[in-house]
J.: 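What follows is a structure written as structure tokens; I'll ask about it next.
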Amino acid sequence: MKLVTRSRSTVHVAVGVLINDVNEILIAQRPKGKPFPGFWEFPGGKIEPQETPCQALLRELHEELGIEINPDHPLLLGNVKYAYPEFIFQAPVFICTSWERQPQPLEGQRLVWAKPFDLLSYNLLPACKGICLLLQEKTDFIARERKRNIFQDSMNKIIKNVPNPTR
Ligand SMILES: Nc1nc2c([nH]c(=O)n2[C@@H]2O[C@H](COP(=O)(O)OP(=O)(O)OP(=O)(O)O)[C@@H](O)[C@H]2O)c(=O)[nH]1
Ligand SMILES: [Mg+2]
């Protein structure tokens with residue numbers, strides 16, 4: 001018997017977790033016409049072949065939100081992987097706490113500044129559970145480095161309730 005395997009492509013995505021000075025996190029609802037419309041996610045997008053993850057992050061946040069970030073500012077927290085049936089999502093995840101201009105929904109997306117405890121009431125993409133797991137693991141680091149509190153309890157709640165990622 002011949003075994004047919006189809007390898008899924010890996011999509012490399014730079015993800016930005018923006019946290020404001022009252023500890024709210026920016027999430028965006030994917031617009032109609034893009035994959036997974038209606039789901040909520042952290043801003044960011046695909047890394048082009050010639051870009052570093054940080055360069056991709058700054059470009060995507062400029063294109064999607066109209067904000068500018070100092071290239072030295074984003075803090076890399078780690079990498080998250082999630083296997084969708086169609087592709088493998090692979091993402092360096094950055095924290096940002098400082099930017100110029102107010103984030104605007106430049107791509108027709110809805111934007112919300114959500115309290116960490118409220119994140120669960122949004123329909124997050126499955127891969128976002130891995131991102132929340134990383135945030136939970138790095139809570140102390142984020143508090144120390146950037147003086148932001150994303151509350152371990154709230155991340156635990158999300159991790160318990162959003163289904164099934166692999167890392
Ligand atoms: N930006 C972002 N993408 C995510 C997250 N979680 C997740 O599964 N993805 C998936 O990663 C894939 C690529 O992200 P994207 O659609 O933002 O890429 P992009 O901004 O370059 O979009 P484009 O190709 O339409 O220009 C999408 O299929 C998206 O659903 C997340 O938290 N943030
Ligand atoms: Mg995007």
J.: Do F36 and V93 sit in one hydrophobic cluster, given that two such residues count as connected whenever their side-chain heavy atoms are within less than 4.5 Å of each other, even indirectly?
T.: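 Yes.
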J.: Could you state the interatomic distance from CD1 (I131) to CG (L125), rounded to the nearest 0.5 Å?
T.: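 Spacing of CD1 (I131) from CG (L125) equals 8.5 Å.
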J.: Looking at I19 and I150, what are the two nearest heavy atoms and their distance?
T.: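 Heavy atoms of I19 and I150 come nearest at CD1-CG2, 3.6 Å.
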J.: Do any N or O atoms from the side chain of N23 and from the backbone of N149 form a donor-acceptor pair under 3.5 angstrom?
T.: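 It does hold such a pair.
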J.: Quick one: closest heavy-atom pair of P31 and G108, and the distance?
T.: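 Reported closest heavy-atom pair: CB-O, 3.9 Å.
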J.: Can you tell me if E100 has over 12 outside heavy atoms packed within less than 6.0 Å of its CD?
T.: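 Not more than 12 within 6.0 Å, no.
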J.: Under the side-chain contact (heavy atoms from CB on, under 4.5 Å) rule, what do Q90 and N79 come out as? Steps first, then yes or no, please.
T.: CA-CA 7 Å; Q90 170 89 57; N79 284 280; 4.3 Å; yes
J.: Mind checking whether L134 and I95 sit in one hydrophobic cluster, side chains of I, L, V, M, F, W, Y counted as touching below 4.5 Å?
T.: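 As far as the 4.5 Å side-chain criterion goes, I95 and L134 are connected within one cluster.
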J.: Could you tell me the separation between the CG atom of L75 and the OG1 atom of T97, rounded to the nearest 0.5 Å?
T.: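 Those atoms lie 8.0 Å apart.
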J.: Where the side chain of R30 meets the backbone of Q109, is there a donor-acceptor pair that is under 3.5 Å apart?
T.: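 Such a contact is absent between R30 side chain and Q109 backbone.
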J.: May I ask you to decide if G44's main-chain N or O and E64's side chain share a donor-acceptor pair within less than 3.5 Å?
T.: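 Flag set: sc E64 to bb G44 pair under 3.5 Å.
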J.: Any chance you could lay out the side-chain contact (heavy atoms from CB on, under 4.5 Å) test for W113 and I27, step after step, and finish with the verdict?
T.: CA-CA 6 Å; W113 284 106; I27 52 172; over 6 Å; no
J.: Using 0.5 Å steps for rounding, measure from the CZ atom of R148 to the CG atom of N20.
T.: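 R148 atom CZ to N20 atom CG measures 7.0 Å (nearest 0.5 Å).
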J.: Please determine whether residues L124 and V80 belong to a single hydrophobic cluster, defined as Ile, Leu, Val, Met, Phe, Trp and Tyr linked transitively by side-chain heavy-atom distances below 4.5 Å.
T.: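 Result: yes, single cluster for both.
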J.: Is there a path of hydrophobic side-chain contacts, each under 4.5 Å between heavy atoms, that joins I25 and V112?
T.: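 Yes, it is one cluster - the side chains of I25 and V112 are joined through contacts under 4.5 Å.
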J.: What are the two closest non-hydrogen atoms of L58 and P74, and how far apart are they?
T.: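 That would be CD2-CG, 3.9 Å.
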J.: List the steps, then state whether side-chain contact (heavy atoms from CB on, under 4.5 Å) holds for L18 with L65.
T.: CA-CA 11 Å; L18 271 63; L65 305 172; 4.2 Å; yes
J.: Which label fits F89 and Y84: parallel for a plane angle under 30°, tilted from 30 to 60°, or perpendicular past 60°?
T.: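 Ring orientation of F89 relative to Y84: perpendicular.
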J.: How many angstroms lie between SG in C128 and CZ in F39, if you round to the nearest 0.5 Å?
T.: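 Here the interatomic distance stands at 10.0 Å.
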J.: Is any side-chain heavy atom of P43 less than 4.5 Å from a side-chain heavy atom of L26?
T.: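 Yes, side chains in contact.
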J.: Kindly say whether the aromatic ring centers of F94 and F42 come within a distance under 6.0 Å.
T.: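 No, too far apart.
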J.: Kindly indicate, with the supporting measurements, whether the criterion salt bridge (charged side-chain N to carboxylate O under 4.0 Å, His left out) is fulfilled by E60 and K46.
T.: CA-CA 8 Å; E60 287 287 346; K46 295 185 199 78; over 6 Å; no
J.: One pair to check against side-chain contact (heavy atoms from CB on, under 4.5 Å): L77 and I142. What are the steps and the verdict?
T.: CA-CA 9 Å; L77 286 188; I142 295 165; 4.0 Å; yes
J.: Are L61 and L111 joined in one hydrophobic group, where the rule is that I, L, V, M, F, W and Y side chains link up if heavy atoms are under 4.5 Å apart?
T.: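 L61 and L111: one cluster.
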J.: Counting only N and O atoms by type, is there a donor-acceptor contact under 3.5 Å from the side chain of Q29 to the main-chain atoms of G38?
T.: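 Answer holds: yes.
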J.: Nearest 0.5 Å, please: how far is CZ in R8 from CZ in F87?
T.: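 Going from the CZ atom of F87 to the CZ atom of R8 covers 10.0 Å.
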J.: How long is the straight-line distance from CG of L133 back to CD of E137, given to the nearest 0.5 Å?
T.: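 Reported to 0.5 Å precision, the distance equals 4.5 Å.
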J.: Is the shortest distance from a Lys or Arg side-chain nitrogen in R59 or E51 to a carboxylate oxygen in the other one below 4.0 Å?
T.: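 Salt bridge flag = yes for E51 with R59.
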J.: Check whether R146 reaches the backbone of C96 with its side chain - one donor and one acceptor, N or O, closer than 3.5 Å.
T.: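 Checked: no pair found.
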J.: Examine K138 relative to F141 and say whether NZ or CZ is less than 6.0 Å from the centre of the six-membered ring and inside a 45° cone about the ring axis.
T.: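 Yes, K138 sits over the ring of F141.
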